[in-house]
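In the text below, chain A, chain B and the rest are named by the order of the sequence lines, each starting its count at 1.
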Amino acid sequence: MANPISLSVTAAAIGTTRAELSGPRGARPKRAISPRNVFIYGTLLLVSVYYLLPLYVMIVTSLKGMPEIRLGNIFAPPVEVTFEPWVKAWATACTGLNCEGLSRGFWNSVRITVPSVVLSIAIASVNGYALANWRFKGADFFFTVLIFGAFIPYQVMLYPIVILLRELGLFGSLWGLVLVHSIFGMPILTLLFRNYFTSVPEELFKAARVDGAGFWGIYFKIMLPMSLPIFVVAMIIQITGVWNDFLFGVVYTKPDVYPMTVQLNNIVNSVQGVKEYNVNMAATIITGLVPLIVYFVSGKLFVRGIAAGAVKG
Amino acid sequence: MTSVSIRDLTLKFGSLEVLKSLNLDIDEGEFLVLLGPSGCGKSTLLNCIAGLLDISDGQIFIGGNNVTWSEPSERGIGMVFQSYALYPQMSVEGNLAFGLKNARMPKDEIAKRITRAAEVLQIEPLLQRKPAQLSGGQRQRVAIGRALVRDVDVFLFDEPLSNLDAKLRAELRVEIKRLHQRLKNTMIYVTHDQIEALTLADRIAIMRNGIIQQLDTPHEIYNRPVNLYVAGFMGSPGMNFIEGEISGAGDASFNVAATQIPLARYPFARADRPGKAIFGIRPEHVSCGAAAMEEPFSTDVEIEVVEPMGADTLVWAVLDGKEFRFRVDGQSPLQAGQTVRIGFDPAKASVFDAASELRL
Amino acid sequence: MTSVSIRDLTLKFGSLEVLKSLNLDIDEGEFLVLLGPSGCGKSTLLNCIAGLLDISDGQIFIGGNNVTWSEPSERGIGMVFQSYALYPQMSVEGNLAFGLKNARMPKDEIAKRITRAAEVLQIEPLLQRKPAQLSGGQRQRVAIGRALVRDVDVFLFDEPLSNLDAKLRAELRVEIKRLHQRLKNTMIYVTHDQIEALTLADRIAIMRNGIIQQLDTPHEIYNRPVNLYVAGFMGSPGMNFIEGEISGAGDASFNVAATQIPLARYPFARADRPGKAIFGIRPEHVSCGAAAMEEPFSTDVEIEVVEPMGADTLVWAVLDGKEFRFRVDGQSPLQAGQTVRIGFDPAKASVFDAASELRL
Amino acid sequence: TDLEVTHWWTSGGEAAAVAEFAKAFDATGHKWVDGAIAGGGGTARPIVVSRIIGGDPMGAFQFNHGRQAEELIEAGLLRDMTDVAEREGWKDIVNPPSLLDACTIDGRIYCAPVNIHSWQWVWLSHAAFEKAGVAVPTSWDEFAAAGKALRDAGIQPLALGGQPWQSSGLFNVLMATLAGPDVLTKIYGEKDADLAAGPEMAKVFQAASDARSMAEGSNVQDWNQATNLVITGKAGGQIMGDWAQGEFAVAGQTAGTDYTCLPGLGMREIISTGGDAFYFPVIDNAEITAAQDVLAATLLKPETQVAFNLKKGSLPIRGDIDLSAANDCMKEGLGILAKGNTMPDVNMLNTEDTNNQLNDLFVQFFQDASITPEAAQERFVEIVRNKD
Amino acid sequence: MASERPNRLYRNLTAKIAAIPMILTAVCVFLGGTAWTVVYSFTNSKLLPRAKFVGLDQYERLWGTHRWVVSIENLMIYGICSLVLSLVIGFVLAALMDQKIRFENTFRTIILYPFALSFIVTGLVWQWLLNPDLGLQSVVRSAGWVSFNFDPLYNADIVIFGVLIAGIWQGSGLIMVLMLAGLRGIDESIWKAARVDGIPLWKTYVFIVIPMLRPVFITTLVLITSGIVRLYDLIVAQTSGGPGIASEVPAKYVYDYMFQGQNLGQGFAASTMMLLAVLIVIIPWAYLEFGGKKRG
Ligand SMILES: Nc1ncnc2c1ncn2[C@@H]1O[C@H](COP(=O)(O)OP(=O)(O)OP(=O)(O)O)[C@@H](O)[C@H]1O
Ligand SMILES: Nc1ncnc2c1ncn2[C@@H]1O[C@H](COP(=O)(O)OP(=O)(O)OP(=O)(O)O)[C@@H](O)[C@H]1O
Ligand SMILES: [Mg+2]
Ligand SMILES: [Mg+2]
């Protein structure tokens, strides 16, 4: 647009000295290999080695035969790739008289994990919602006790819970285990949900109340649809926790519903002669696969959810 | 007829008494603005009326019913929030329909009401959009629509415009005013923007620390503030205050240092006139230059800062060592450093007792 | 002497060109305001000057030095942010001292500077407090103080007042103005509030989409906007625009439907006057009632809404089916529904070409 | 009827032995549902106990002989198997009778003993001694003397797993063989603290200290890994109960040619008569009760006993069966048993609590060379004094 | 419509009903279980809980037990190191990730994935990597450096640091993500202000940013601390408390005495001591969280 600026600019430009015009111009020069970049990426790469090493060793070892392992270097890639350890870990490894490997426990783990995750998240999200938005008298007290529960070593609660489950008539059943997982997942999940719902603008909640929505109406129609990130976080934490659990799975159920980790423990701890490291590693990877996949698939949402729910301690 | 009536309302947060035995009656179809500084309890009062806060003591009547313990949705109120509070995952239509669905209204009735509200607010083309896809002004309209469809007696607004920029604010202000003229519902409107209060209100309630200081028409509040606080709060730039003493009885005058302002034309509200007092005059009631000489009182001041604001110019001067502001035309040639003659009519002033701060 | 000088500054975020070959010279001691709507690139420009963003092309000179590649701290600038950006866990004193300590300034010098800045900004009693214990205005003052102690040539302000409420904003505005009068530093001030721009600026640069539309004194910008955009942007309530056609050459007139506005007194900036044009007149340049008859042009309008705003009253009327605003005295007795005579002097108007939107 | 049986026999020899039980039980028309828990008694016991307390017990479970199940019996949670015992005439066949005594409380029998395990064995690798150029020792003293030669040959003289019970087991063996069974019975059975502090024990501690230096560098956890060191000739020998025998068998080694076993460490012909027993929780289900009776009876049947014990490497609990298929070591054990040179197992004298304390003491002692024998003895005396 | 003031109990009744699971858990399980544990810690329960009270005997024995003292020492060492290292590593990594780097997602995934694995797995893998005959030591030795010595799991003096390596490996990813989220929440103008003030980057972090991340640090502190107190699986899988009792921890002591030693009373006494320690941590936290500020 033709306007007075261009005039004033030319006038000023004439006034400036030539030296000025010859100075630096444009973007600051950047080198790809600056000390800063070397430091950042160097550190990160180094750290990555530390984090990846075990995974690498696990995978490599699980693909080797026993003779190769005995001879060699654990970091060396397998000379002869064999999937036998995987097959053995999955299908034929023995514990006592059962030689079905991990396969026996896989579906049990699924059957335990799914309801546990669903129930614990359902309860914890309602708790968090009630604590954040419907603060009734004593809510803070119960919440503090709940958080206190996060610190109690599981072993301490083993017997009281046995008694509790017995009184409820749930001992030994799948539902008993689901209940236990829900109870022990509750502190940290409730904390997450409470923090998240606290960050939802209170006015939204008020608007819904004026619109005549009740406790459940607001929960299902307003809060739930808004809280995907935190649900993902809760899900990952809970899937990881439940799937990896050994103690509750073995104490509160019986052999026909033992989860995979019990099987893993049996395989790893039933040493027959020498330790079959390759089978152990294969079994370990197989057992960890489900949480790993869940995590890889939803990792981004996890980070987002953490930002939304956990940071506002 | 009284539409909303509040009796001895007290509200405490723990030991903090936010509202103190407050009484308020609002007529049907009235536009009442609650005005006050941040933290004075405006939102709290509104939330009490809406039923979103449990009150500690007192009663609330809406449309003649005691609703003190009713649910918010049963009170016949609609509420519009500062941050819009639209349900983010629902379309505009869903937002409007949510309250109606909760009340189990038949589908066709819901559709009818939404169509009507959308028409009134001119948001028909937006019905299928999500709130995130709307501009600030559009969101605000949807938020109003949500109250509108529910066909409530009383509209409650909590600073509905303060998240918008100045231009949009001015436009939506007029729209709300038009809406009120059309619908004639009772409206209670919280703001801390006095322009909004002055332009919208039938009556303004000025609050401070949970107590209503003055409840009156904008004109009265602006021109006859009952106390120093209200006088200082209203008007931007604020009223000029001069501390001094009143002397004489019938033909009283206000003395400060060397200056004497005659108070003969001042309509005293009270007969007792103690010594120490504060004299207040609004910047726009001060004339300057030639016009000043025609006023009952005039004096010379030195100009410190000149603020041209487009339509008019605000001048910051020094009178008797104290800051003194006055407003002149936008094209005024006044300059910082100049000395200029100003004058005003004490009849337009407000005089307050220095101790009680009440209007004399 | 030129204090800040920007040559062909281009800045891209990826493929988005936010600043487009921008040139700007700011004199020493000048108060320049960058004004524009949200997202037009004001903050980006300021950040480039401060060295917080790496520019894509062009040069930046401050105090005669080419600082295009210098670190922010070496440029002799101080910056004040909208969100204050105080270091929350340091006391006010710590906030002020932190930069100086880093520059290894002797202790007593630091103390001296802090004392002086605290005095200038009247924050002496606050020095030991934490930012969380300060009010908005106080925080803003500390933020200014942080630039002040560093004794820089150029102050950069990025919307320093927009987080404050209206009253405080008005007060701090004056304080900044006074500060500038006292310190006489170069100041570059970003805002989207035109009152701030008008009151503070020596010159205003109006930006839009990364391009400076007009760079001139507030008076010129307000009264002689170079294009329709600037005209519409400045002024609240905005200028009334009427679309129509210019007829005649010497004694031209502006025609819209039945109405004819004589343009004889209008100081045309250009000789070519195409047919379709837009006529703009500011609400405060419109008189009403008896005064209207004395204006070169007058007509009747119907009043729709009356907005009393204390000192004056804004009237929304209908002229030829279009909204038409004008401003009258605060005590005006006008009422909605009334028909009233209005008039104005076309010399005070602005006329734009309908196609290019440039001033005629 | 399905009967769930919990046990912690998961190593190679053990699992093969259990399979014999399962086969025999399945042959009766019932079904053995295997509830193996790897990781030993420490892992399995809480599971057993909590399931019983929780009201959902398994059909049968394996415990060590001794005081482990005492409280469960007192609480009435375990079945009284006296009827089965009488029907099957256990009183007459179980040998030594002390085994049944351990199952008996107030004259009622609560468990079915299935085997006899003795701790007092040392297993020596012929290959290792050959490599070191030393003759295979015939007693602990010779073995201890050969320690240096073995070490010089790059062979781990004594294999010792890191699990705590192995350390205390080793010590108890030294105590029983060097100081004699009477001392052990007096100290553990009668809490004779003075004896524990006495010079005889000091000698035992000194021997333990020698064993400690021989075991240094044995970086394995599980007992059978340690046994494996002996089997593969990487270690000279291991002091371990007769269950180690099973591992040699699974590895296809023959006693006398590949390895040598010395009962009582070659110092004193004595074996303890601990062992495993099966317990049967009270379950309110007639079918299961019946199946429990059948299982109990099956476990003690001669054929079952033979098949099981051959695989497990332990001694049968009845003297009236033909074990001609047994290998030399087992026969030696049988011989000692027949001579009546037996002593009670530590488990029968100590509560698990005391064992646990001993475990703590000795695992530390054997892994930490800085603890002097004297200091260890002091702590030992303390434990003995406070034991219940 | 109601004009009487309704019973307080019935206000928001649904919310209260919905909170019943939480209340039951808190009161019955956590409070009830804790109380039960504390009560029975004064008895001489063996295999089964029995109400035969013996006063403070169990506690006297507890503190007279060598292993308990070692456990406590280990927990202290592990706890302090793990706390400091987790926070430092987590923060440094987060700070690096916050530098607008390329491949951020990849790096983040790499650092966070161990979090998805159980302690059992972590323990096994690291036990193996640290095994002197198979793992790092043998690899380095076979590469030529014969005198290289790195066998933390078999050296009683440093075994706890071997556990630490694994613990950090598993836990620091989550801390990093938390810190990163916190860093991302910091107002950008703070960084700008610091640059204009000429403050070096490291000083900006140390004096300005870290103090601003207080809430994040509190959250992570709670997380890490609760993990430390519960440390059990990792030890069992990696060292079984060995060599000797060099890597014993309180939670394992509790477990071993309750189930292996069949001395519930002793186990309960140890648990009670642990709970006491937890209370010392959690009470100040609860005070910070709920004491001063209210929502508003
Ligand atoms: N939930 C609460 N708990 C405790 N105190 C509260 C709560 N909500 C508000 N307050 C306090 O009550 C007082 C009044 O708050 P209120 O929100 O009504 O002010 P307001 O007039 O609406 O202010 P603003 O203009 O800032 O919205 C304030 O001092 C506030 O701190
Ligand atoms: N880091 C960034 N990356 C990409 N685009 C950006 C970035 N920062 C700003 N922009 C874009 O650059 C344009 C100018 O932004 P800028 O912040 O300068 O606007 P502004 O005039 O300061 O607006 P406001 O008044 O809202 O502060 C906007 O369109 C914005 O979306
Ligand atoms: Mg409010
Ligand atoms: Mg900006």
Top contributor to chain A contacts, counting heavy-atom pairs under 4.5 Å, from B:A50, B:G78, B:A85, B:A103: B:A85

Leading residue by heavy atom contact count with chain A [cutoff under 4.5 Å; candidates B:L86, B:V152, B:L100]: B:L86

So does [Y] get a backbone contact from the side chain of [X], meaning a donor-acceptor N/O pair under 3.5 Å?
X: B:R150; Y: A:V210; answer: yes
X: B:Y87; Y: A:K221; answer: no
X: A:E203; Y: B:S83; answer: yes

[X] atom [atom1], neighbour heavy-atom count above 12 within 6.0 Å:
X: A:W216; atom1: CH2; value: yes
X: B:E124; atom1: CD; value: yes
X: B:K101; atom1: NZ; value: no

Worked verdict on B:F98 versus A:I222 for side chain to side chain contact (heavy atoms under 4.5 Å, CB included): CA-CA 10 Å; B:F98 186 65; A:I222 311 292; 3.8 Å; yes

B:R146 to A:A207 - nearest heavy-atom pair and separation: NH2-CB, 3.4 Å

Distance (rounded to the nearest 0.5 Å) between B:L46 CG and A:K206 NZ: 9.0 Å

Intermediate values then yes/no, side chain to side chain contact (heavy atoms under 4.5 Å, CB included), B:Q89 and A:M226: CA-CA 7 Å; B:Q89 68 287 351; A:M226 291 182 59; 3.3 Å; yes

